[in-house]
Amino acid sequence: MAVRKVVKRGDELLKKKSKKVHDFDENLAQLLDDMWDTMYANDGMGLAAVQVGVLRRAIIIDVNNLKAELINPEIFYTKGEDIEEEGCLSVENFHGKVKRPYKIMVRAQDRYGYPFEITGEKWLARCICHECDHLEGILFSDKVLNK
């Protein structure tokens with residue numbers, strides 16, 4: 001396991017769409033392990049693979065003592081709205097209020113390729129949405145209200 005360099009705003013890689021994961025192998029496991037190390041070393045609560053330079057649809061989250069790895073996540077249900085301040089490891093020294101769904105349901109796969117669903121509210125929903133945006137090449141700073 002290793003701490004990788006976090007890709008910062010201004011790098012065009014962050015604006016690209018990530019590709020679906022097809023190989024649930026040792027390379028994916030190493031990427032995920034490195035992502036955990038990198039996220040914790042930078043005091044984050046979520047991280048997308050693109051933020052460590054890998055254009056694959058993989059995110060990790062650690063919110064309210066729930067740790068999860070979501071490979072090929074797809075949000076299939078949203079309800080309500082919630083406005084809170086966000087920050088990002090790729091967007092240094094900037095925070096702003098972003099509107100997100102209050103509740104979401106997402107389908108994903110684990111590191112071994114097994115499918116699962118997760119329901120999240122408030123901060124869990126916010127974190128998953130934030131990281132899924134990264135997979136589409138969208139930064140939270142693109143969505144900040146009253147810029």
Side-chain angles (χ1 to χ4, degrees), residues 2-64 66-79 81-82 84-92 94-145:
V3 174
R4 297 190 187 194
K5 181 181 175 193
V6 176
V7 178
K8 303 294 183 185
R9 179 169 54 174
D11 189 316
E12 286 302 309
L13 189 68
L14 291 173
K15 294 293 187 181
K16 296 185 178 187
K17 286 191 177 188
S18 295
K19 297 177 180 155
K20 187 171 183 175
V21 172
H22 295 286
D23 298 323
F24 294 83
D25 57 12
E26 203 47 46
N27 290 331
L28 177 62
Q30 185 65 60
L31 170 63
L32 292 168
D33 291 344
D34 289 354
M35 286 171 65
W36 286 112
D37 286 348
T38 303
M39 184 182 76
Y40 290 135
N42 289 279
D43 198 29
M45 56 194 289
L47 192 70
V50 65
Q51 291 179 274
V52 292
V54 180
L55 277 174
R56 290 291 176 264
R57 298 187 75 78
I59 66 174
I60 60 168
I61 57 167
D62 185 350
V63 179
N64 300 334
L66 174 71
K67 297 178 183 181
E69 299 172 340
L70 291 84
I71 313 305
N72 301 321
E74 295 177 23
I75 297 170
F76 66 91
Y77 173 84
T78 65
K79 183 177 179 183
E81 68 178 46
D82 183 51
E84 289 288 347
E85 190 169 272
E86 293 184 21
C88 181
L89 298 180
S90 291
V91 183
E92 294 180 304
F94 180 76
H95 291 81
K97 291 191 178 206
V98 177
K99 182 172 22 173
R100 301 272 188 199
Y102 181 82
K103 180 177 182 177
I104 65 164
M105 295 176 75
V106 61
R107 288 184 190 99
Q109 294 167 279
D110 67 15
R111 68 169 53 208
Y112 307 105
Y114 296 106
F116 67 95
E117 292 182 2
I118 189 170
T119 300
E121 294 183 355
K122 188 68 175 166
W123 284 105
L124 179 57
R126 176 169 298 282
C127 187
I128 292 171
C129 288
H130 177 113
E131 300 309 330
C132 284
D133 275 355
H134 275 298
L135 303 180
E136 298 300 319
I138 300 167
L139 295 174
F140 91 96
S141 53
D142 298 333
K143 294 185 164 191
V144 169
L145 303 173

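Given the structure is predicted, the values throughout are model-derived calculations rather than measurements. Scope of the values below: all heavy atoms of this structure, side chains included, with no hydrogens, waters or symmetry mates.
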Charged N to carboxylate O below 4.0 Å: is that the case for [X] and [Y]?
X	Y	result
Glu86	Lys143	no
Asp82	Lys97	no
Arg4	Asp34	yes
Arg107	Glu74	no
Glu84	Lys122	yes
Lys8	Glu92	yes

Looking at [X] and [Y], what are the two nearest heavy atoms and their distance?
X	Y	result
Pro101	Cys129	CD-SG, 3.9 Å
Leu135	Pro73	CD1-CG, 3.6 Å
Asp110	Ile71	O-CG1, 3.7 Å
Thr119	Met105	OG1-CG, 3.6 Å
Val91	Ser141	CG2-OG, 4.2 Å
His134	Val50	O-CG1, 3.8 Å

Are any non-hydrogen side-chain atoms of Leu47 and Ile59 less than 4.5 angstrom apart?
no
Below 4.5 Å, heavy atoms only, C-beta onward: do Leu70 and Phe116 meet side chain to side chain?
yes
Could you give the distance from [atom1] ([X]) to [atom2] ([Y]), rounded to the nearest 0.5 Å?
X	Y	atom1	atom2	answer
Tyr114	Gln109	OH	CD	11.5 Å
Ile60	Thr38	CD1	OG1	8.0 Å
Ile61	Met35	CD1	CE	11.0 Å
Asp33	Asp37	CG	CG	7.0 Å

Passing candidate, side chain to side chain contact (heavy atoms under 4.5 Å, CB included) with Met39, options Val3, Asp62, Val6, Val52:
Asp62
Quick one: does [X]'s side chain have a donor or acceptor within less than 3.5 Å of a partner on [Y]'s backbone?
X	Y	value
Asp25	Leu28	yes
Glu81	Arg100	no
Asn72	Ala108	no
Arg126	Tyr102	no

Measure from the ring center of Phe140 to the ring center of Phe94 and say whether it is less than 6.0 Å.
yes
Taking OH in Tyr112 as the centre, count heavy atoms belonging to other residues, nucleotides or ligands within less than 6.0 Å. Is the count above 12?
no
Is there any side-chain hydrogen bond (donor to acceptor under 3.5 Å, both in side chains) pair reaching into residues 41-57, and which pairs are they, with sequence neighbours excluded?
Gln51-Ser90, Arg57-Glu136
Quick one: side chains of residues 11-21, donor-acceptor pairs under 3.5 Å with protein atoms, not counting sequence neighbours, listed by atom name and distance.
from  : atom 1 : to     : atom 2 : distance (Å)
Asp11 : OD1    : Leu13  : N      : 2.9
Lys15 : NZ     : Asp142 : OD1    : 3.3
Lys15 : NZ     : Asp142 : OD2    : 3.0

